[in-house]
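Shown next, in structure tokens, is the structure this report addresses.
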Amino acid sequence: MPNVLPLLLVALALPAVACPPPAPVTMATAPAAGLDPKHAVWTEVLAKHVKGDAFDYAALKQDRVKLDAYVASLEAVKPEELAAWDKKQSMAFWINVYNAYTVKRVVDGYPVKSIRDLGDEKSPVWDRDLIPLGKLAPDLRKEKLTLNDVENKILRPKFKDARVHAAINCASKGCPPLRAEAFTGEKLDAQLDAQVKAWLEDPKRNRFDKAAQKLEISKVFEWFAEDFQKSAGSAQAWIAKFRPQDKDWLDTKKKLTVTYVEYDWALNDAKP
């Protein structure tokens, strides 16, 4: 049997070497639970493709990964998540839903001259079941919602805020322009006020003549007169809140001449 004592003495004399820690286990990062309250991906899409009061549908059709990712995140929202949000977060969510699915529908059918071409007289595009978020509006008893459901059965009756008409965009030149960022609960009031002011200050959509005591305003004010009356008593009184420079003659009981600007249903396309 060999003498192992010398070997043992040598081993004891060597400095101790610390064992390296075990290598971390690499795992795919799971997505954070819940929808991003800042809707950052939607903001990225908007910031890149909103061009003034137009939208670059052609470019988005060529690279729609982020649009599809954002829509998927909307569809992953659970009823209990939506129920936990405050009123402003919920309103911002539904505004973004309306705008994102409108853009998606146009991109799906692009090129097209008007969003109305994506439907027909018997079944307009706004009455088609395009939005698989029925679970978030159980009172409607539908698996898929329409754009009209979102606008007229959720946004208008639930939130009762006429500013929504400046925030949702129907992909047409006559609409209030699409905002170049997502709506969020924390900034909602400031965003809505800014949208209204920009819409009213655009002479293509609204015009005011103090000398003639005349308003030429968007047909939105005619179509949804009820909302503006409930909010301020009349469309002109509602407008006066956002146009202090005209408040002295708009917000009166005087009879003003009101006409409505012809609505342009051509696609708000950045590409001619």
Side-chain angles (χ1 to χ4, degrees), residues 42-43 45-57 60 91-92 95-96 98-100 102-103 106 113-116 126 147 151 155-156 161-184 187-229 231-232 234-252 256-272:
W42 182 225
T43 287
V45 173
L46 293 168
K48 185 174 181 179
H49 297 96
V50 171
K51 308 295 182 182
D53 61 357
F55 192 90
D56 194 346
Y57 297 102
L60 184 55
M91 185 175 180
I95 292 172
N96 291 330
Y98 186 97
N99 289 337
T102 297
V103 167
V106 173
K113 292 182 179 180
S114 170
I115 189 173
R116 295 199 296 183
W126 297 283
L147 290 169
E151 179 180 9
L155 279 169
R156 292 178 58 225
D161 190 332
R163 294 177 299 175
V164 74
H165 296 296
I168 56 176
N169 180 272
C170 64
S172 303
K173 290 182 177 180
C175 297
L178 190 60
R179 190 172 180 83
E181 67 174 351
F183 288 89
T184 65
K187 298 193 296 182
L188 185 62
D189 279 323
Q191 290 176 317
L192 291 175
D193 284 349
Q195 283 299 103
V196 172
K197 290 174 182 177
W199 177 40
L200 295 177
E201 290 172 5
D202 183 349
K204 296 192 300 293
R205 295 172 172 86
N206 297 281
R207 297 183 283 273
F208 306 92
D209 188 339
K210 180 178 180 179
Q213 298 283 284
K214 180 179 180 180
L215 294 78
E216 295 178 83
I217 54 180
S218 169
K219 287 188 79 68
V220 168
F221 289 104
E222 181 181 28
W223 294 333
F224 300 101
E226 174 187 1
D227 293 355
F228 302 103
Q229 290 166 359
S231 178
S234 69
Q236 70 187 54
W238 188 86
I239 291 169
K241 295 194 301 182
F242 299 94
R243 287 186 65 84
Q245 68 271 36
D246 291 317
K247 185 175 177 64
D248 64 328
W249 66 280
L250 286 178
D251 193 12
T252 69
L256 304 177
T257 301
V258 179
T259 59
Y260 298 100
V261 178
E262 191 65 31
Y263 213 76
D264 188 346
W265 286 107
L267 190 69
N268 60 337
D269 197 350
K271 298 295 184 183

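Computed from a predicted structure; not experimentally measured.
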* Return yes if some donor-acceptor pair links the side-chain N/O of Gln195 with the main-chain N/O of Pro177 below 3.5 Å, else return no. => yes

* Exam field: side chain Asp246 to backbone Ala240, donor-acceptor pair closer than 3.5 Å -> no

* Are Phe221 and Tyr260 close enough that their ring centres sit under 6.0 Å apart? -> no

* Asked: What is the minimum heavy-atom distance between Leu147 and Tyr98, and which atoms define it?
  -> O-CE1, 3.4 Å

* Does any N or O in the side chain of Gln191 come within less than 3.5 Å of the main-chain N or O of Ala182, such that one atom is a donor and the other an acceptor? -> yes

* Ion pair Lys219/Glu262, N-O distance below 4.0 Å -> no

* To do: Determine, step by step, whether Trp238 and Asp227 satisfy the side chain to side chain contact (heavy atoms under 4.5 Å, CB included) criterion, reporting the C-alpha distance in whole Å, the side-chain angles of both residues, the deciding distance to 0.1 Å, and the verdict.
  => CA-CA 10 Å; Trp238 188 86; Asp227 293 355; over 6 Å; no

If you look only at distance, which donor and acceptor atoms sit under 3.5 Å apart when one is on a side chain in residues 264-272 and the other is two or more places apart or in another chain?
| unit_1 | atom_1 | unit_2 | atom_2 | d |
| --- | --- | --- | --- | --- |
| Asp264 | OD1 | Ala266 | N | 2.9 |
| Asn268 | OD1 | Tyr57 | OH | 2.6 |
| Asp269 | OD1 | Lys271 | N | 3.1 |
| Asp269 | OD2 | Tyr110 | OH | 2.7 |

* **Non-hydrogen side-chain atoms of His165 and Phe228 separated by less than 4.5 Å** => yes

* To do: Carefully, step by step, assess Ile217 and Val261 under the rule side chain to side chain contact (heavy atoms under 4.5 Å, CB included).
  => CA-CA 6 Å; Ile217 54 180; Val261 178; 5.9 Å; no

* To do: Output yes when a side-chain donor or acceptor of Lys51 lies under 3.5 Å from a complementary backbone atom of Lys48, and no otherwise.
  => yes

* Side-chain (Ser172) to main-chain (Cys175) donor-acceptor, under 3.5 angstrom -> no

* Are Arg163 and Asp193 ion-paired here, with the side-chain N under 4.0 Å from a carboxylate O? -> yes

* Contact check, side chains of Lys210 and Gln245, non-hydrogen atoms, under 4.5 Å -> no

* Working to the nearest 0.5 Å, report the span between CH2 of Trp199 and OG of Ser218. => 5.0 Å

* To do: Supply the atom-to-atom distance Asp161 CG to Asp189 CG, rounded to the nearest 0.5 angstrom.
  => 7.5 Å

* Is a salt bridge present between Lys241 and Asp251, judged by a nitrogen-to-oxygen distance below 4.0 Å? -> no

* Structure fact -> Sequence neighbours excluded, the answer for ring pair (Phe, Tyr, Trp, His ring centres under 6.0 Å) partners of Phe208 is none

* Structure fact -> Heavy-atom closest pair (Ala167 atom, Leu192 atom, distance to 0.1 Å) is CB-CD2, 3.7 Å

* Rounded distance [0.5 Å steps], CG in Leu188 versus CD1 in Ile95 -> 5.5 Å

* Side chains of Lys214 and Leu256: does their closest heavy-atom pair fall under 4.5 Å? -> no

* Asked: Any side-chain heavy atom of Phe55 sitting closer than 4.5 Å to one from Val106?
  -> no

* With Leu215, the side-chain contact (heavy atoms from CB on, under 4.5 Å) member among Ile239, Asn206, Asp209 -> Ile239

* Main-chain N/O of Thr259 paired to Glu216 side chain as donor or acceptor, under 3.5 Å -> no

* Atom CD of Glu151 and atom CH2 of Trp126: how far apart are they, to the nearest 0.5 Å? -> 10.0 Å

* To do: Would you check, one step at a time, whether the test side chain to side chain contact (heavy atoms under 4.5 Å, CB included) holds for Val220 with Tyr263?
  => CA-CA 9 Å; Val220 168; Tyr263 213 76; 4.1 Å; yes

* To do: Check for a donor-acceptor pair, side chain of Glu201 on one end and backbone N or O of Ala198 on the other, with a separation under 3.5 Å.
  => no

* To do: With side chain to side chain contact (heavy atoms under 4.5 Å, CB included) as the test, would you mind laying out the steps for Leu46 and Arg179 before giving the verdict?
  => CA-CA 8 Å; Leu46 293 168; Arg179 190 172 180 83; 6.0 Å; no

* What distance separates Glu226 CD from Ser231 OG, expressed to the nearest 0.5 Å? -> 12.0 Å

* To do: Can you sort out the partners of Asp202 under side-chain hydrogen bond (donor to acceptor under 3.5 Å, both in side chains), two or more places apart, ordered by chain and number?
  => Lys204, Arg205

